[in-house]
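This report refers to the structure that appears directly beneath it.
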Amino acid sequence: MEKYIKRNFFYLLILGVTSIITSCTENKTKTLETATVSEPKTEELAPAPKLSEEFKAYWYDGEAEITSYKLEQARYGELREGTAVLVYVTEDFLPNVQVKADNYNETNIPVLKLNATKNFNTGIYPYSIMQSTFYPVTNNQHALKISASIQEWCGHVYMQLNNRNTFEVQSHSYFQGEADENFKLDKTWTENELWTKLRIDPKSLPVGQLDLIPALESTRLNHEALEPQKAFTKLENNSYTISYPEANRTLKINFNPHFPFDILGWEETTTNGIGTSSATLTTKATKLETLKSDYWNKKSNTDLNLRETLKLQ
C-alpha cells in the first residue's frame, strides 16, 4: 500500500485527473441456473467528465474513508444487531487481469473501490459478509469488477462478476444445486455499482424504470439467480430509493447532499424467512463515525484505539 500512496501523489502531479448463506437446514428450491445470453452488447461510453479539484483533494490524499454503522440486520424472520463498515478508497486497477495495480502505469484505470462489510450473529453462530466494487472514477461505464463472500458456521460462498465483453460470473457454494457455476450476462446496471456512482455524483444515478442486477449479497442470501430484474428508482435531495416489485424488496440509501456525498445510512425492506417464520422486516444501518486513514499502515496493537474511534470495540 506504500507504493499505492506514492503512486497516487505521482498520479496527481502528472495527470491531475484522471449468499447464499442460510441456516444449515434451510435450502429454498431456487437454484442458480446457467443463464442464456444473447450476443454481447458493446458498452457505449459517454465522455468522461472532468474531476473537480474538490474531488481530487479528498479522494487522492493517500487515505481511505472508513465509516462505521450500527446495523439491524433481518435474517430468518428476526432482526439481528451488528455492525457494518463502508471503506471507500481510490486506487489503480489493471484492466486485463482486473486486480489492484502495485505500480503506476498509463494503461491503469483509476477506480473508486468500495469494500462493504457486515457482521452479526444469528443465535449461536456469526455471519460475516463482504462485497467489493471497483468503479471507474470517470463515472461513464459499469463497474469493472464486483465480488461478494459470505461466511458462517455452516460454510461459505463466493461470487464474482467481471466486466469484459459481457459480464462474466463465477459462483461457488456449499449448497446442493448451487455448487460451482460459470455463466455470462448482458451488461446492464448493477446495484453494487450505484453505491460508488453516488459518491462521485448523485445526479448521475439512473432514475425511473430500468433493468437492474440486484446486489450480490442479496441474491446469495435469498438463493436467487443472479439476473437483471425490473426496478424503479427515485432520486431525492438526500436519498436514493430502489424498488423491485417482483421481489418485494426496497432499498433506500440516505446520503449527505453536499460533497463528499457521504452515506448516512440505509434501509432495506423485504420478506425474510420461510414458512411460518417469514415476515416483512426492515434492515437498518445508522452512521456511527467516519475516519480518514491509511489504515493499511495501522496494523500494530497500538492502533487498536482507532477501532474505538469508529465505535467498533
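Computation of the quantities below employed the complete heavy-atom set of this structure, encompassing side-chain atoms and omitting hydrogens, waters and symmetry-equivalent molecules. From a predicted model like this one, the values you see are computed outputs, not experimental measurements.
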Apply side-chain hydrogen bond (donor to acceptor under 3.5 Å, both in side chains) to residues Gln160 and Asn162 and explain how you reach the verdict. CA-CA 7 Å; Gln160 179 171 304; Asn162 291 88; 2.8 Å; yes

Any heavy-atom pair between the side chains of Ser171 and Tyr158 that's under 4.5 Å?
no

Show which side-chain atoms of residues 304-312 pair as donor or acceptor with protein atoms under 3.5 Å away, not counting sequence neighbours.
{"residue": "Arg307", "atom": "NE", "partner": "Gln313", "partner atom": "OE1", "Å": "3.4"}
{"residue": "Thr309", "atom": "OG1", "partner": "Asn305", "partner atom": "O", "Å": "3.3"}
{"residue": "Lys311", "atom": "NZ", "partner": "Glu289", "partner atom": "OE2", "Å": "3.3"}

In this structure, CD1 of Ile200 is separated from CG of Asn139 (nearest 0.5 Å) by 4.5 Å

Less than 4.5 Å apart, any side-chain heavy atom of His172 and any of His156? no

Practice item. Evaluate the side-chain proximity of Asn222 to Ser218: yes if any heavy-atom separation is below 4.5 Å, no if none is. Key: yes

Exercise for review: Establish, for the pair Lys197 and Tyr240, whether the NZ or CZ atom is under 6.0 angstrom from the six-membered ring centre and no further than 45 degrees off its axis.
Suggested key: no

Q) Does Phe255 reach the side chain of Arg199, with side-chain heavy atoms less than 4.5 Å apart? A) no

Report the C-alpha distance between Gln229 and Arg249 in whole Å, list the side-chain angles of each, state the deciding distance to 0.1 Å, and finish with yes or no for side-chain contact (heavy atoms from CB on, under 4.5 Å).
CA-CA 11 Å; Gln229 296 184 19; Arg249 173 173 171 255; over 6 Å; no

Ring pair (Phe, Tyr, Trp, His ring centres under 6.0 Å) filter on Phe120, not counting sequence neighbours, yields Tyr127

In Glu268, Arg80, Lys118, Glu81, the residue satisfying side-chain hydrogen bond (donor to acceptor under 3.5 Å, both in side chains) with Gln73 is Lys118

Margin query: Angle between ring planes, Phe259 versus Phe261, binned at 30° and 60°: parallel, tilted or perpendicular?
Written below: perpendicular

(message) Test side-chain hydrogen bond (donor to acceptor under 3.5 Å, both in side chains) on Thr67 and Thr290; report intermediate values, then the result.
(response) CA-CA 4 Å; Thr67 305; Thr290 294; 3.0 Å; yes

Across all chains, not counting sequence neighbours, the side chain to side chain donor-acceptor pair (under 3.5 Å) partners of Asp262 are Asn256, Lys287

With sequence neighbours left out, the residues meeting side chain to side chain contact (heavy atoms under 4.5 Å, CB included) with Lys252 are Ser239, Thr241, Asn254

Side-chain contact, heavy-atom cut-off 4.5 Å: Val157 with Met159? no

Rounded to the nearest 0.5 Å, the CD atom of Glu106 sits from the OH atom of Tyr104 at a distance of 6.0 Å

Check your understanding: Any side-chain donor paired with an acceptor under 3.5 Å for Thr188 and Asp211?
Key -> no

Only one of Asn165, Thr166, Asn163 passes side-chain hydrogen bond (donor to acceptor under 3.5 Å, both in side chains) with Lys187, and that residue is Asn163

On a heavy-atom basis, the closest approach of Gln131 and Ala148 is CG-CB, 3.9 Å

Taken to the nearest 0.5 Å, the spacing of Leu205 CG from Glu193 CD works out to 10.0 Å

Nearest heavy-atom contact between Leu226 and Leu161 is CD2-CD1, 4.5 Å

Going by heavy atoms in the side chains, are Leu112 and Trp195 under 4.5 Å from each other?
-> no

Could you check whether any side-chain heavy atom of Leu194 comes within less than 4.5 Å of a side-chain heavy atom of Pro206, counting everything from C-beta outward? yes

Across all chains, not counting sequence neighbours, the ring pair (Phe, Tyr, Trp, His ring centres under 6.0 Å) partners of Tyr135 are none

Any carboxylate oxygen within less than 4.0 angstrom of a Lys/Arg side-chain nitrogen, looking at Glu91 and Lys113? yes

query = Tyr76 vs Tyr125 aromatic rings, parallel, tilted or perpendicular, using cut-offs 30° and 60°?
reply = tilted

* Asked: What do the steps show when you test Asn248 against Thr271 for side-chain hydrogen bond (donor to acceptor under 3.5 Å, both in side chains), and what is the final call?
  -> CA-CA 7 Å; Asn248 192 29; Thr271 301; 3.0 Å; yes

Handout entry: Test log, rule side-chain hydrogen bond (donor to acceptor under 3.5 Å, both in side chains), inputs Tyr295 and Glu63
Key = CA-CA 8 Å; Tyr295 67 87; Glu63 295 181 327; over 6 Å; no

Quick one: are Thr270 and Tyr244 in side-chain contact, heavy atoms under 4.5 Å? no

Item to complete: Spell out, as yes or no, whether a donor-acceptor pair under 3.5 Å connects the side chain of Lys292 to the backbone of Tyr58.
Response: yes

How about Glu267 and Thr269: does a side-chain donor come under 3.5 Å of a side-chain acceptor? no

Checklist entry - Can you check whether Ala74's main-chain N or O pairs, donor with acceptor, with Thr283's side chain at less than 3.5 Å? => result yes

Residues passing the side chain to side chain donor-acceptor pair (under 3.5 Å) test with Thr122, sequence neighbours excluded, are none

inquiry  = With no hydrogens and no angle check, just 3.5 Å: does a side-chain donor-acceptor pair link Asn108 and Asn105?
reply    = no

CZ of Phe183 to CD of Gln170, rounded to nearest 0.5 Å, is 10.0 Å

Salt-bridged, Lys100 to Asp92, with N to O below 4.0 Å? no

query: More than 12 heavy atoms of other residues, nucleotides or ligands under 6.0 Å from NZ of Lys234: is that the case?
result: no

Note to self: If we ignore hydrogens and angles and just use 3.5 Å, is the side chain of Ser300 paired with the main-chain N or O of Asp303 as donor and acceptor?
What the structure shows: no

